[in-house]
2 protein chains.
Amino acid sequence: MSKPQRSFARESPEQRRQDLIDATLKIIGGNGFRAATVRSIAAQANVTLGLIRHYFTTKEDLITAAYEAHMAEMTRLALAPADDTTKSPKDRLRAVIHANLTPPVLSERNVTLWATFLAQIANEPEIQATHTRTYLHFRNRLETLIRETLIAENRTPTQTETQHLAVACNAIIDGLWMEGSTSKGALQKSTLADLALKNIGRMLEIDLGP
Amino acid sequence: MSKPQRSFARESPEQRRQDLIDATLKIIGGNGFRAATVRSIAAQANVTLGLIRHYFTTKEDLITAAYEAHMAEMTRLALAPADDTTKSPKDRLRAVIHANLTPPVLSERNVTLWATFLAQIANEPEIQATHTRTYLHFRNRLETLIRETLIAENRTPTQTETQHLAVACNAIIDGLWMEGSTSKGALQKSTLADLALKNIGRMLEIDLGP
DNA sequence: GGTTTAATTATACGGTTGTATAATTGTGAT
DNA sequence: ATCACAATTATACAACCGTATAATTAAACC
């Protein structure tokens with residue numbers, strides 16, 4: 001009856017790699033790590049399983065690349081407001097906090113992904129390396145923002161002080177992000193960012209209040 | 001040459017169940033979820049794989065029981081100082097914070113276990129139920145401790161205020177616990193509890209300082 | 001001390017997994 | 001138009017997984 005439809009189409013290496021990474025993240029984030037087999041990933045990306053090995057030497061290699069891409073995207077979303085030079089340091093800090101505790105950063109899918117990779121850092125050196133790098137990048141950017149904010153308030157924090165504050169602020173942000181993403185409805189999402197602003201404000205001894 | 005050694009010995013159901021649960025936690029915490037097969041778990045517990053099905057209807061059942069047991073133990077360790085009636089509320093709160101951020105609660109093994117189970121809450125209803133129950137139990141106990149501490153300082157917090165403070169305190173404790181357990185040496189473990197005490201003190205507007 | 005019974009082991013089985021290799025097929029160059 | 005090559009598919013395979021069932025064996029009982 002119909003003409004033999006084209007059985008497949010070629011794509012650029014970059015596109016294919018990205019498609020496979022996206023498919024991996026979608027499956028892990030939606031159905032968990034166990035569901036992320038080479039076959040299900042290939043199906044999600046509309047290719048056959050052999051193609052995975054053509055672009056990634058091993059499945060673990062794909063997983064590592066997916067983690068890398070995911071963290072890059074999360075960091076991008078979380079730090080996007082940090083470089084808005086039209087705003088004051090304080091407003092940028094407030095915006096970063098808010099971005100971390102509202103969708104799309106705040107989501108069950110992201111917690112599943114994050115926990116899945118975190119569970120592997122003790123046994124997978126490459127996962128550990130990516131974790132440490134992205135963690136320090138975010139924390140250092142946060143520290144700079146905190147320092148700028150305090151200086152704008154005529155404060156003179158030492159480097160040790162700002163580092164400790166950055167560690168603590170990062171902790172409360174991460175903790176609230178987890179709580180907010182995992183406890184279904186027991187915690188109103190609307191108050192999450194306000195909670196962070198109020199308490200980080202007290203930690204920094206400035207007024208970040210909503 | 002030697003007498004035929006006894007090939008196995010019987011144990012009480014409670015002991016066997018506990019042995020299998022301990023073996024499961026040891027393998028997941030040490031080598032990750034993928035390494036936790038029924039065969040490796042049985043070997044770790046010095047039994048054969050068939051015995052698992054004799055005590056647990058399915059492997060998922062064993063995993064769930066292991067999560068339950070692990071969280072019970074973590075909660076026990078973390079809240080042990082909360083009921084020491086010889087101390088003031090403030091000292092008990094300080095002790096709980098300290099217990100959460102020092103070994104044995106603070107450990108890479110525990111983060112691996114915790115992340116492994118957290119990664120499953122979106123897809124495993126029983127894991128989700130255990131998570132919510134243990135989370136609320138800890139947070140409620142923390143809220144009571146915070147209320148008692150504030151009242152002892154002649155403060156009159158509302159229920160909403162103490163609940164919000166409990167959420168925020170729980171968040172910073174969890175966040176620091178994770179940071180401290182995952183970032184190898186980049187963060188001195190000795191300062192971790194002090195960091196929590198100082199910043200939670202500011203959040204509660206009281207002096208918890210070391 | 002033999003009998004019974006439940007705990008434990010031993011073995012088997014179908015399905016799935018990641019990887020390897022061979023067979024196709026789309027596509028740009030000539 | 002067809003040639004050449006790389007992208008993609010198709011197929012195969014050995015290892016491992018969780019589960020089921022049958023065969024042993026330790027230990028309690030009378």
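Computed over heavy atoms, backbone and side chain alike; hydrogens, waters and symmetry mates excluded. Residue numbers start from 1 in every chain, and the chains themselves are labelled A, B, ... in the order their sequence lines are given, proteins ahead of strands.
Look at CG on A:Leu51: it is 16 Å from P on C:dG18, rounded to the nearest Å. A straight line from CG of B:Asp61 to P of D:dG18 spans 14 Å, rounded to a whole angstrom. Rounding to whole angstrom units, CZ of residue A:Phe33 and P of D:dC17 are separated by 14 Å. Atom CD1 in B:Ile63 sits about 9 Å away from atom P in D:dG18, given to the nearest Å. Atom NE2 of A:His54 is separated from atom C1' of C:dT24 by 14 Å (rounded to the nearest Å). The CG atom of A:Leu62 sits 15 Å away from the P atom of C:dT17 (whole-angstrom rounding). Straight-line distance from the CD1 atom of B:Ile52 to the C1' atom of C:dT8: 13 Å, rounded to whole Å. Atom CD in A:Glu11 sits roughly 15 Å away from atom C1' in D:dA6 (whole-Å rounding).
Summary of the strand contacts: B:Arg34 and B:Arg10 both lie near DNA chain D, and taking for each the nucleotide with the nearest heavy atom, the more 5' one is attributed to B:Arg34.
Under 4.0 Å is where a charged nitrogen must lie from a carboxylate oxygen, and between A:Arg147 and A:Glu143 at least one such pair does. Note on B:Asp83 versus B:Arg141: salt bridge recorded, some NZ/NE/NH1/NH2 to OD/OE distance being below 4.0 Å.
Considering A:Thr149, A:Leu145, A:Leu204 as possible partners of A:Lys90, the one that fulfils the side chain to side chain contact (heavy atoms under 4.5 Å, CB included) test is A:Thr149.
Annotation for B:Arg34: atom CZ does not count as buried by contact number, only 12 or fewer foreign heavy atoms lying within 6.0 Å.
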Contacts table for residues 43-63 of chain A: side-chain donor-acceptor under 3.5 angstrom, sequence neighbours left out:
residue : atom : partner : partner atom : Å
A:Arg53 : NH1  : A:Thr57 : O            : 3.1
A:Lys59 : NZ   : A:Ala36 : O            : 2.9
A:Asp61 : OD2  : A:Thr57 : N            : 3.4

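In this structure, of C:dT9, C:dA7, D:dT25, it is D:dT25 that holds the atom nearest to the side chain of B:Ser7. The side chain of B:Arg16 lies closest to C:dT8 when the candidates are C:dT8, D:dC17, D:dA27. If you check D:dT25, D:dT8, C:dA10 against the side chain of B:Thr48, the one that comes closest is C:dA10.
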Enumerate the protein-to-nucleotides 19-23 of chain D contacts in which both atoms are nitrogen or oxygen and the separation is below 3.5 Å.
residue : atom : partner : partner atom : Å
D:dT19  : OP1  : B:Thr58 : OG1          : 2.5
D:dT19  : OP2  : B:Lys59 : N            : 3.1
D:dA20  : OP2  : B:Arg53 : NE           : 3.3
D:dA20  : OP2  : B:Arg53 : NH1          : 2.3
D:dA20  : OP2  : B:Arg53 : NH2          : 2.8

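Distances shorter than 4.0 Å separate none of the side-chain N or O atoms of A:Tyr55 from OP1 or OP2 on D:dA7.
Heavy atoms of A:Phe56 sit nowhere under 4.0 angstrom from any nucleic acid atom.
Using a distance-only test at 3.5 Å, with no hydrogens or angles considered, a donor-acceptor pair links the side chain of A:Arg94 to the main chain of A:Leu208.
Applying the side-chain hydrogen bond (donor to acceptor under 3.5 Å, both in side chains) criterion to A:Glu68, with sequence neighbours excluded, gives A:Thr130, A:Arg133.
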